[in-house]
Amino acid sequence: MSLTDKADVSTFVDLTQHEIEALKTRFNLADAHTHQRQSTSQERIVSRLPELWHESESKQQAHFERQFLDAFFRLHQQPTARAMGRTLLSYSASVSTMVAGMFLKQRGMSVQLVEPCFDNLVDLLRNMQVPIAPFAESALHDKDAIYERLVDEITADAIYLVDPNNPTGFTLLAEKLEGFREVVRYCVDHDKVLVMDFCFASFALCDEGIGRVDIYRLLEESGVTYMVMEDTGKTWPIQDAKCAMITASQDIQEEVYNLHTSVLLNVSPFVLNMVTQYVEDSITDGFASVRDIIRTNGEAARNALSGTILEFQEPVVGTSVAWFRIKPDHLTATQLQAVLFDEEVYVLPGTFFYWNTKEKGERFVRLALAREPELFAGAMERMRKVLERYAV
């Protein structure tokens, strides 16, 4: 990239604009999409693409929807959702989020969204003209105090959580359902709508100490009004072909369905057929193809950046991103991100994740881990050399 081609990143208004620019950069550690190559078993799926294409032409749409949902909820150990048959499919998590925003807008509801989180959730809700306010993720950290903290801090009609959270890796489900049950209990007692983003939940399956429990059973038995979004887009290296889902509680299902059909008809049967093969592959290999890349690159990042001005923030769940705190008070994320960009290493500044208090985000940067390990190792070598300029 020549200097004349270099973008002025200070003019960017959201994280996605940073990610678009990063796609032009040699060491793109910005977006959390999957850019690693295929595993051996995944290569066999690629070799079958013509067969999957013709199969998709020969069977009904409903067949591929059922096949995908059956595989997805088996992988995620959600038998209740699998049995309910209320999940609606869309092309991306943003579309599902937009439907949730439309529901809140149509009901005239306000929402409190966890901070930090990825800022396109904020933008989508604001663009839907949904009144939005923050509440701190830290309010959820002590399971025994969650209910009281929510009583003290929630004034909106709906609560919007991301679990595991992007960028921090925090989850309510580290102790199975104890923390999550408190959130649900609060919502039932205080007549709040619960909106959940589980788009990074696959990484809980990669963590033997976390795993997943039947969340939908608790939701259904509690009587809470809810919308849950899930996604395949951050899990498998399939060139951004993906499927997202939204599942609503029975009391609002018809309303959500009517909004959903105003947005789209269906997801490509070929995409559903192909993604299903990747889901089944992960069931067979115990998520090794996903887990091994994240572990390898996560260790490479921690080792390469250890002893530098960046301090790794240990997540509850190891997702496909790494969150680092900038130790020197005089150096901001905006400044460091610009210096790294000059050296063709693109990381995301924490500012936009702290969407309501950007000054807090100036203490953090985020690195994406779903990359080919050889390229990632090169990025870490380049990044460490840059960070050594700041050594005391």
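Note that these values count all heavy atoms, side chains included, but never hydrogens, waters or copies made by symmetry. Index from 1, following the sequence. None of the values given here were measured: they were computed from a predicted structure.
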> Report yes or no: do Val267 and Trp53 belong to one cluster of Ile/Leu/Val/Met/Phe/Trp/Tyr joined by side chain heavy-atom distances under 4.5 Å?
yes
> Could you check whether Gln277 and Asn273, counting side-chain N and O atoms only, form a donor-acceptor pair closer than 3.5 Å?
yes
> Taking the side chain as every heavy atom from C-beta outward, state whether Ile293 and Thr296 have any pair of such atoms under 4.5 Å apart.
no
> Taking the side chain as C-beta and beyond, is there a heavy-atom pair between Pro237 and Arg37 under 4.5 Å?
no
> Do you know which two heavy atoms are closest between Tyr91 and Asn266, and how far apart they sit?
OH-O, 3.1 Å
> Any chance the rings of His18 and Phe352 have centres within less than 6.0 Å?
yes
> Salt bridge check: are Arg384 and Glu381 linked by an N-O gap of less than 4.0 Å?
no
> With sequence neighbours excluded, what pairs up with Arg126 under the side-chain hydrogen bond (donor to acceptor under 3.5 Å, both in side chains) test?
none
> Crowded around Lys385 NZ? As in, over 12 foreign heavy atoms under 6.0 Å?
no
> Are Phe287 and Leu75 close enough, and set up right, to give a side chain to side chain contact (heavy atoms under 4.5 Å, CB included), and what steps lead you there?
CA-CA 9 Å; Phe287 246 114; Leu75 173 67; 3.6 Å; yes
> Got a donor-acceptor contact below 3.5 angstrom from the Arg291 side chain to the Gly286 backbone?
yes
> Could you walk me through whether Val271 and Phe64 pass side chain to side chain contact (heavy atoms under 4.5 Å, CB included), step by step?
CA-CA 9 Å; Val271 169; Phe64 296 105; over 6 Å; no
> Would the distance check show the side chain of Glu343 and the main-chain N or O of Met383 forming a donor-acceptor pair, the cut-off being under 3.5 Å?
no
> Less than 3.5 Å apart, any donor N or O on the side chain of Thr16 or Asn120 sitting next to an acceptor on the other?
no
> For the OG1 atom of Thr34 and the CG atom of Leu369, what is their distance to the nearest 0.5 Å?
12.5 Å
> Could you check whether any side-chain heavy atom of Val256 comes within less than 4.5 Å of a side-chain heavy atom of Leu88, counting everything from C-beta outward?
yes
> Between the side chain of Asp119 and the main-chain N/O of Leu15, is any donor-acceptor distance below 3.5 Å?
yes
> Can you tell me if Phe312 has over 12 outside heavy atoms packed within less than 6.0 Å of its CZ?
yes
> Please determine whether side chain to side chain contact (heavy atoms under 4.5 Å, CB included) holds for the pair Leu219 and Ser249, giving the CA-CA distance in whole Å, both sets of side-chain angles, and the decisive distance to 0.1 Å.
CA-CA 8 Å; Leu219 292 170; Ser249 53; over 6 Å; no
> Any donor and acceptor pair, going by atom type alone, linking the side chain of Gln42 with main-chain N or O of Tyr278 inside 3.5 Å?
no
> What residues, two or more places apart in sequence or in another chain, satisfy side-chain hydrogen bond (donor to acceptor under 3.5 Å, both in side chains) together with Ser262?
none
> Answer yes or no: is there an ion pair linking Arg74 with Glu280, defined by an N-O contact shorter than 4.0 Å?
yes
> Could you tell me whether the side chain of Thr357 and the main chain of Tyr354 form a donor-acceptor pair under 3.5 Å?
no
> Between Leu336 and Tyr390, what is the shortest heavy-atom contact and its length?
CD1-CE1, 4.2 Å
> If you apply the rule side chain to side chain contact (heavy atoms under 4.5 Å, CB included), what do you find for Tyr346 with Gln337, and how did you get there?
CA-CA 7 Å; Tyr346 211 114; Gln337 192 256 354; 3.0 Å; yes
> Side-chain contact, heavy-atom cut-off 4.5 Å: Phe180 with Val213?
no
> Would you confirm whether Arg363, through its side chain, and Ile326, through its main-chain N or O, come within 3.5 Å as a donor-acceptor pair?
yes
> Looking at residues at least two apart in the chain, or sitting in another chain, which of them share a side-chain hydrogen bond (donor to acceptor under 3.5 Å, both in side chains) with Glu65?
Gln61
> Measure from the side-chain N and O atoms of Gln112 to the backbone N and O of Ala156, and report whether any donor-acceptor pair falls under 3.5 Å.
yes
> Any link between Leu113 and Phe353 through a network of hydrophobic side chains (Ile, Leu, Val, Met, Phe, Trp, Tyr) touching at under 4.5 Å?
no
> Can you hop from Met102 to Leu264 via hydrophobic side chains spaced under 4.5 Å?
yes
> Is Arg185 salt-bridged to Glu182, cutoff N-O under 4.0 Å?
yes
> Quick one: does Gln17's side chain have a donor or acceptor within less than 3.5 Å of a partner on Val13's backbone?
yes
> Is it the case that over 12 heavy atoms from other parts of the model lie below 6.0 angstrom from the CD atom of Gln60?
no
> Can you see which heavy atom on Thr308 is nearest to which on Ala304, and at what distance?
CG2-O, 4.2 Å
> Thinking salt bridges, do Lys360 and Glu137 make one under a 4.0 Å N-O criterion?
no
> Any chance you could measure Leu177, atom CG, to Ile215, atom CD1, to the nearest 0.5 Å?
7.0 Å
> Would you list the pairs meeting side-chain hydrogen bond (donor to acceptor under 3.5 Å, both in side chains) in which at least one residue belongs to residues 235-245, sequence neighbours left out?
His33-Asp240, Ser202-Thr235, Trp236-Ser282
> Does Leu340 reach the side chain of Phe27, with side-chain heavy atoms less than 4.5 Å apart?
no
> Glu153: what forms a side-chain hydrogen bond (donor to acceptor under 3.5 Å, both in side chains) with it, not counting sequence neighbours?
Arg149
> Could you tell me whether the side chain of Thr334 reaches within less than 4.5 Å of the side chain of Ser10, counting heavy atoms only?
no
> Side chains of Ser90 and Ile246, heavy atoms from C-beta outward: is any pair under 4.5 Å?
no
> Without swapping roles, check the side chain of Arg371 against the backbone of Asn28 for a donor-acceptor pair under 3.5 Å.
yes
> Answer whether the closest heavy-atom distance between the side chains of Ile294 and Cys206 falls below 4.5 Å.
no
> Looking at Lys358 and Glu362, is any side-chain nitrogen of the basic one under 4.0 Å from a carboxylate oxygen of the acidic one?
no
> Between Asp70 and Arg66, is there a donor-acceptor pair closer than 3.5 Å when you use the side chain of the first and the backbone of the second?
no
> Within 45° of the six-membered ring axis of Tyr216 and under 6.0 Å from that ring's centre, is NZ or CZ of Arg86 located there?
no
> Quick test of your reading: applying salt bridge (Lys or Arg N to Asp or Glu O under 4.0 Å), list the pairs with at least one residue in residues 312-321, sequence neighbours left out, ordered by first then second residue.
none
> Considering non-hydrogen atoms only, spot the tightest contact between Pro315 and Gly318 and give its length.
CG-CA, 4.0 Å
> Using a 6.0 Å cut-off, check whether atom CG of Asp191 has over 12 heavy atoms from anything other than its own residue.
no
> If you take all heavy atoms of Ala333 and Phe364, which pair is closest and at what distance?
CB-O, 3.1 Å
> Does CD belonging to Glu254 count more than 12 external heavy atoms closer than 6.0 Å?
no
